Amino acid sequence: QVQLVESGGGLVQAGGSLRLSCEASGRTFSSFAVGWFRQAPGKDREFVAAITQAGVYTDYSDSVKGRFTISRDNAKNMLYLQLNSLKPEDTAIYYCAASPLRARLRTAPDYWGQGTQVTVSS
């Protein structure tokens, strides 16, 4: 079992930046592949970014590649998402997620946080 708590969301103008954080507790954080998903109003939840257990490999959706950066600090049990060059279409609730299996994270994560709202004004 692992518990995930996101923070760092807020209201920002288009072109601005935010840094989301996700604090993990419970089982050993470094044993989990972790990532970020988002859900915009009226839309399905979608994958945003993922990072492997040791932080060696990352993966991004095409819509955020080059603008968002995922990172983790296993010593602090923390996951981060740096959001740059934000667009109104990035407005969504952002969730962190975890799975002990890298292959399962993108499609069926085992654990979810409660989400943090990001709103980008035009």
Side-chain angles (χ1 to χ4, degrees):
Q1 192 86 353
V2 62
Q3 292 77 43
L4 304 169
V5 179
E6 303 94 335
S7 61
L11 173 64
V12 63
Q13 289 188 332
S17 297
L18 280 175
R19 189 194 197 202
L20 305 184
S21 299
C22 176
E23 182 173 8
S25 60
R27 291 177 56 187
T28 306
F29 179 63
S30 60
S31 67
F32 289 87
V34 286
W36 293 93
F37 292 73
R38 67 186 181 185
Q39 187 167 20
K43 296 187 176 181
D44 293 335
R45 191 176 299 186
E46 65 173 359
F47 168 79
V48 174
I51 188 167
T52 53
Q53 284 83 340
V56 174
Y57 297 105
T58 59
D59 187 21
Y60 297 92
S61 67
D62 289 343
S63 61
V64 307
K65 197 172 296 182
R67 299 188 298 121
F68 293 7
T69 302
I70 190 171
S71 61
R72 67 190 295 167
D73 185 337
N74 286 341
K76 296 182 179 179
N77 290 350
M78 295 294 295
L79 172 68
Y80 305 102
L81 186 68
Q82 179 67 40
L83 293 69
N84 295 331
S85 303
L86 281 161
K87 305 175 181 180
E89 51 263 43
D90 294 318
T91 295
I93 300 174
Y94 284 71
Y95 300 88
C96 65
S99 177
L101 299 177
R102 174 186 175 185
R104 195 161 71 204
L105 176 68
R106 187 161 180 163
T107 57
D110 296 84
Y111 304 101
W112 292 94
Q114 85 290 347
T116 186
Q117 177 71 48
V118 171
T119 303
V120 184
S121 63
S122 57

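What you are looking at is a predicted structure, and each value in this text was computed from that prediction instead of being measured. Computed from heavy atoms alone, side chains included, the values below leave out hydrogens, waters and symmetry copies.
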Is [Y] close to [X] at the side-chain level, that is, under 4.5 Å between some pair of heavy atoms?
X   : Y    : result
L20 : T116 : yes
V2  : F32  : yes
I70 : L79  : yes
I51 : V34  : yes
E23 : S7   : no

Cation-pi geometry met for [X] and [Y] (6.0 Å, 45°):
X    : Y   : value
R72  : Y80 : no
R102 : Y57 : yes
R45  : Y95 : yes

Margin query: If you apply the rule side-chain contact (heavy atoms from CB on, under 4.5 Å), what do you find for R38 with D90, and how did you get there?
Written below: CA-CA 9 Å; R38 67 186 181 185; D90 294 318; 2.9 Å; yes

Not counting sequence neighbours, which residues clear side-chain hydrogen bond (donor to acceptor under 3.5 Å, both in side chains) with [X]? List them please.
X    : value
Q53  : none
Q117 : T119
N84  : S17, Q82

Checklist line | Intermediate values then yes/no, side-chain contact (heavy atoms from CB on, under 4.5 Å), Q1 and Y111 | finding: CA-CA 8 Å; Q1 192 86 353; Y111 304 101; 3.7 Å; yes

[X] versus [Y], closest heavy-atom pair with distance:
X    : Y    : result
T28  : S31  : O-OG, 2.6 Å
A50  : L105 : CB-CD2, 3.6 Å
L4   : A24  : CD2-CB, 3.8 Å
P109 : S99  : CA-CB, 4.3 Å
Y94  : V48  : CE2-CG2, 4.4 Å

Next item on the list: List the steps and the verdict of side-chain contact (heavy atoms from CB on, under 4.5 Å) for V5 and Q114.
Entry: CA-CA 7 Å; V5 179; Q114 85 290 347; 4.2 Å; yes

Check: When the ring centroid of F47 is compared with that of W36, is the distance short of 6.0 Å?
Finding: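 No; W36 has its ring centre 6.0 Å or more from that of F47.
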
[atom1] of [X] to [atom2] of [Y]: how many Å apart, nearest 0.5 Å?
X   : Y   : atom1 : atom2 : result
F68 : Y60 : CZ    : OH    : 10.5 Å
S85 : R67 : OG    : CZ    : 7.0 Å
I93 : E6  : CD1   : CD    : 10.0 Å

Checklist line | Under the salt bridge (Lys or Arg N to Asp or Glu O under 4.0 Å) test, residues paired with K65 that sit two or more places apart | finding: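 Here the qualifying residues are D62.
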
Checklist line | Distance-only polar pair, side chains of S63 and S61, donor-acceptor under 3.5 Å | finding: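 Per modelled atom types, S63 and S61 side chains form a pair under 3.5 Å.
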
Note to self: Quick one, L81 with T69, criterion side-chain contact (heavy atoms from CB on, under 4.5 Å). Give me CA distance, side-chain angles, the key distance, then yes/no.
What the structure shows: CA-CA 6 Å; L81 186 68; T69 302; over 6 Å; no

Next item on the list: Any disulfide (SG to SG under 2.5 Å) involving residues 22-122? Give me the pairs, sequence neighbours left out, ordered by first then second residue.
Entry: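 Output for this query lists C22-C96.
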
Check: Side chain of T52, backbone of A33: donor and acceptor closer than 3.5 Å?
Finding: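 Pair absent, no side-chain N/O of T52 close to backbone of A33.
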
Margin query: Show every salt bridge (Lys or Arg N to Asp or Glu O under 4.0 Å) that has at least one partner inside residues 105-122, sequence neighbours left out.
Written below: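 Passing the test, one end in residues 105-122: D59-R106, R104-D110.
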
